[in-house]
Amino acid sequence: MDIMRTHYASDITPGMDGDTVTVAGWIHEMRDLGGIYFLVLRDRGGFMQITMVKKKTDPELFDSARRLIRESVLTVTGTVKREDKAPRGYEIIPQTVSVLSESDSPLPMDITGKVDADIDTRLDSRFIDLRRRKTLDVFEIRHHALKAVRNFLENEGFIEIHTPKVVAAATEGGTALFPITYFNREAFLNQSPQLYKQIMMSAGFDRVYEIGAIFRAEEHDTLRHLNEATSIDIEASFMDHLDVMGILERLVHEVYAQVSVDCAPQLEELGIELSVPKLPFKRVSYDDALEIALSEGHAIEWGDDFGTAAERAIGNAIGEHYFLTDWPTEIKPYYTHPYDDKPVYSKSFDLMHPRMELASGSQRIHSHKLLHEMIEAHGLNPDGFDFYLKAFQYGMPPHAGWGLGAERLVMTMLHVENIRDVVLFPRDRKRLSP
RNA sequence: GUCCGGAUAGUGUAGUGGCCUAGCAUGGAGCCCUGUCGAGGCUCCGCCCCGGGUUCGAAUCCCGGUCCGGGCGCCA
């Protein structure tokens, strides 16, 4: 079958005056002035004005066009006419208008930007919500951001991998998992590719990354949590935590820089001025951050994690992206490498945006013996980690890595309040559909 | 897990005991209009989450339920 259109809205220019084109899209708006009738057709790239002057248009075409229903899908074949009075300097004078799919009415929400809709209404009819320019902008930017991530990691010599999402046991303990039935056994949705990307270090892949779904069964209900999120994970051999922090900050910098170039129109439509964070990011040790939190009146003892309020206070004090480094070993996962000379501290870091945590990472323990001990010290049963520990018995290089929340990266970049706004079909405490 | 808040036309809201036969905007139906671009004008259509209670009188107060939103904890 031939493609049904010859041009997208973005392909047509006033210079094409006189050309015959076939365009396709949704009816965005109609304006009937009596003797002249304007139809605004929308495709992914923009809007086109279809103009019909009553006296100059076939009466049958004119009447049927006036009876169209908004958001119906049309193809229009017509002549491009240069016209200074038209929105983009041109309009299309139609010869034929075909309705490919008639819309129901009324619509589940306004999509022209006149009346707001609640996030819940929007998500219930996400397919309509995504027709709204500003919603689409966010996802175009998300696409470009992830493309920049892939390009960057590709250039740094990383291999893309895909690890299992259905697993037999918890990765790190702590967070709640979604249990599922796997034939007649219990299994879980993976909370992180952590164990598998580390196994790939033993396999000699040297540098790997994965962009994929992670699942957390926490019953949180906040603007920055999802039960299904997208994680950007890397793991790299013969590197320490400082090396992968360098990769991470350069990656974030690159994403901002690339998006500001690739997505200038979308950013403008959203009214966002993107400031590319400066390199290098500040390094703030856990101990220094603790002092800031204490001086701001937050009662935290050494060895506690920072609560949301303290985290925000520290973020306000710093005011830009920063690394929170050298965490107490005891509050980090069992695979986190302690400093050899001061083992109560670990070679760990979180990447922070003033609003929230974006990523966390560390140098990993590569000694089989030490890892075994740490698993036990965390109250976990090493038997459940056989498949993982085995990879450390036959030549595991020193390695480090991190996991970065894709949604959080995008939402902080775009000043989006609600994390659901950067996910097509978010999964949260209440929402399992669509 | 815990604490707080909310539910009014398709959508977004106003209304906190009688002036509500529920206002406004958007939308839908129809009419007028030859340059609209959040078009404009006129007419019409469409809503108080469910159940119980208090009261002469409940959208409004109370109780229960359902659904939804958010803070904290946990985390990315």
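Just so it is clear: chains get the letters A, B, ... in the order the sequence lines come, proteins before strands, and each one is counted from 1.
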Within the structure shown, what part of the strands sits under 4.0 Å from [X] by heavy-atom distance: base, sugar-phosphate, or nothing?
{"X": "A:Arg420", "answer": "sugar-phosphate"}
{"X": "A:Ser105", "answer": "sugar-phosphate"}
{"X": "A:Leu226", "answer": "base"}
{"X": "A:Asp84", "answer": "nothing"}
{"X": "A:Pro108", "answer": "sugar-phosphate"}
{"X": "A:Gly307", "answer": "sugar-phosphate"}
{"X": "A:Asp350", "answer": "nothing"}
{"X": "A:Glu407", "answer": "nothing"}
{"X": "A:Leu358", "answer": "sugar-phosphate"}
{"X": "A:Gly34", "answer": "base"}
{"X": "A:Glu91", "answer": "base"}
{"X": "A:Ala406", "answer": "nothing"}
{"X": "A:Ser360", "answer": "sugar-phosphate"}
{"X": "A:Arg133", "answer": "nothing"}

In whole Å, measure the gap between the [atom1] atoms of [N] and [M] for me.
{"N": "B:A25", "M": "B:G41", "atom1": "P", "result": "10 Å"}
{"N": "B:U11", "M": "B:G28", "atom1": "C1'", "result": "12 Å"}
{"N": "B:C74", "M": "B:A59", "atom1": "C1'", "result": "40 Å"}
{"N": "B:G46", "M": "B:G10", "atom1": "C1'", "result": "9 Å"}
{"N": "B:A9", "M": "B:A29", "atom1": "C1'", "result": "15 Å"}
{"N": "B:U8", "M": "B:U60", "atom1": "P", "result": "13 Å"}
{"N": "B:C50", "M": "B:C56", "atom1": "P", "result": "25 Å"}
{"N": "B:G1", "M": "B:A22", "atom1": "C1'", "result": "41 Å"}

Options [options], nucleotide nearest the side-chain atoms of [X]:
{"X": "A:Val115", "options": "B:U11, B:C75, B:G71", "answer": "B:U11"}
{"X": "A:Glu29", "options": "B:G38, B:U36, B:G12", "answer": "B:G38"}
{"X": "A:Asp118", "options": "B:G28, B:G12, B:G38", "answer": "B:G12"}
{"X": "A:Glu219", "options": "B:U34, B:G38, B:G1", "answer": "B:G1"}
{"X": "A:Pro87", "options": "B:G69, B:U36, B:C75", "answer": "B:U36"}
{"X": "A:Arg224", "options": "B:G69, B:U36, B:C74", "answer": "B:C74"}
{"X": "A:Leu33", "options": "B:G35, B:C75, B:C74", "answer": "B:G35"}
{"X": "A:Arg70", "options": "B:U11, B:C74, B:G28", "answer": "B:G28"}

Could you let me know what [N] is paired to, Watson-Crick or G-U wobble, both distances under 3.5 Å, or none if it's on its own?
{"N": "B:G35", "value": "none"}
{"N": "B:G27", "value": "B:C45"}
{"N": "B:C67", "value": "B:G6"}
{"N": "B:U60", "value": "none"}

Would you give the length of the straight line joining atom CG of A:Asp104 to atom CD of A:Glu71, rounded to the nearest 0.5 angstrom?
->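 Nearest 0.5 Å value for the CG-CD distance: 12.0 Å.
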Between atom CG of A:Asp421 and atom CG of A:Leu414, what is the distance when rounded to the nearest 0.5 Å?
-> 10.0 Å
For [N], take OP1 and OP2 only and decide whether either is under 4.0 Å from a side-chain N or O of [X].
{"X": "A:Thr308", "N": "B:G71", "result": "no"}
{"X": "A:Lys114", "N": "B:A25", "result": "no"}
{"X": "A:Arg312", "N": "B:C72", "result": "yes"}
{"X": "A:Asn227", "N": "B:C75", "result": "no"}

Identify whether NZ of Lys or CZ of Arg in A:Arg207 sits under 6.0 Å from the centre of the six-membered ring of A:Phe205 and within 45° of that ring's axis.
->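 No; the conditions do not both hold, so A:Arg207 does not lie above the ring face of A:Phe205.
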A:Glu210 side chain near A:Glu160 side chain, heavy-atom distance below 4.5 Å = no
Pairing of A:Lys347 and A:Asp240 as salt bridge, 4.0 angstrom limit | no
For A:Thr51 and A:Glu91, does a side-chain donor sit closer than 3.5 Å to a side-chain acceptor?
-> yes
Going by atom types only, do A:Gln95 and A:Thr79 share a side-chain donor-acceptor pair under 3.5 Å?
->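 Short answer, yes.
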Donor-acceptor pair (no angle test) under 3.5 Å: A:His225 side chain, B:C75 base | yes
Report the residue (A:Asp428 or A:Val40) whose heavy-atom-nearest nucleotide on RNA chain B is the more 5′ of the two.
-> A:Val40
Given RNA chain B, 5'-ward residue of the pair A:Ala117 and A:Lys56, judged by closest heavy atom =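 The residue closer to the strand's 5' end, by nearest nucleotide, is A:Ala117.
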Check the surroundings of atom CZ in A:Arg150: do more than 12 heavy atoms from other residues, nucleotides or ligands lie under 6.0 Å from it?
->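 Atom CZ in A:Arg150 is crowded, with more than 12 foreign heavy atoms closer than 6.0 Å.
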Please state how far atom CG in A:Leu223 lies from atom C1' in B:C4, giving the value in whole angstrom units.
-> 14 Å
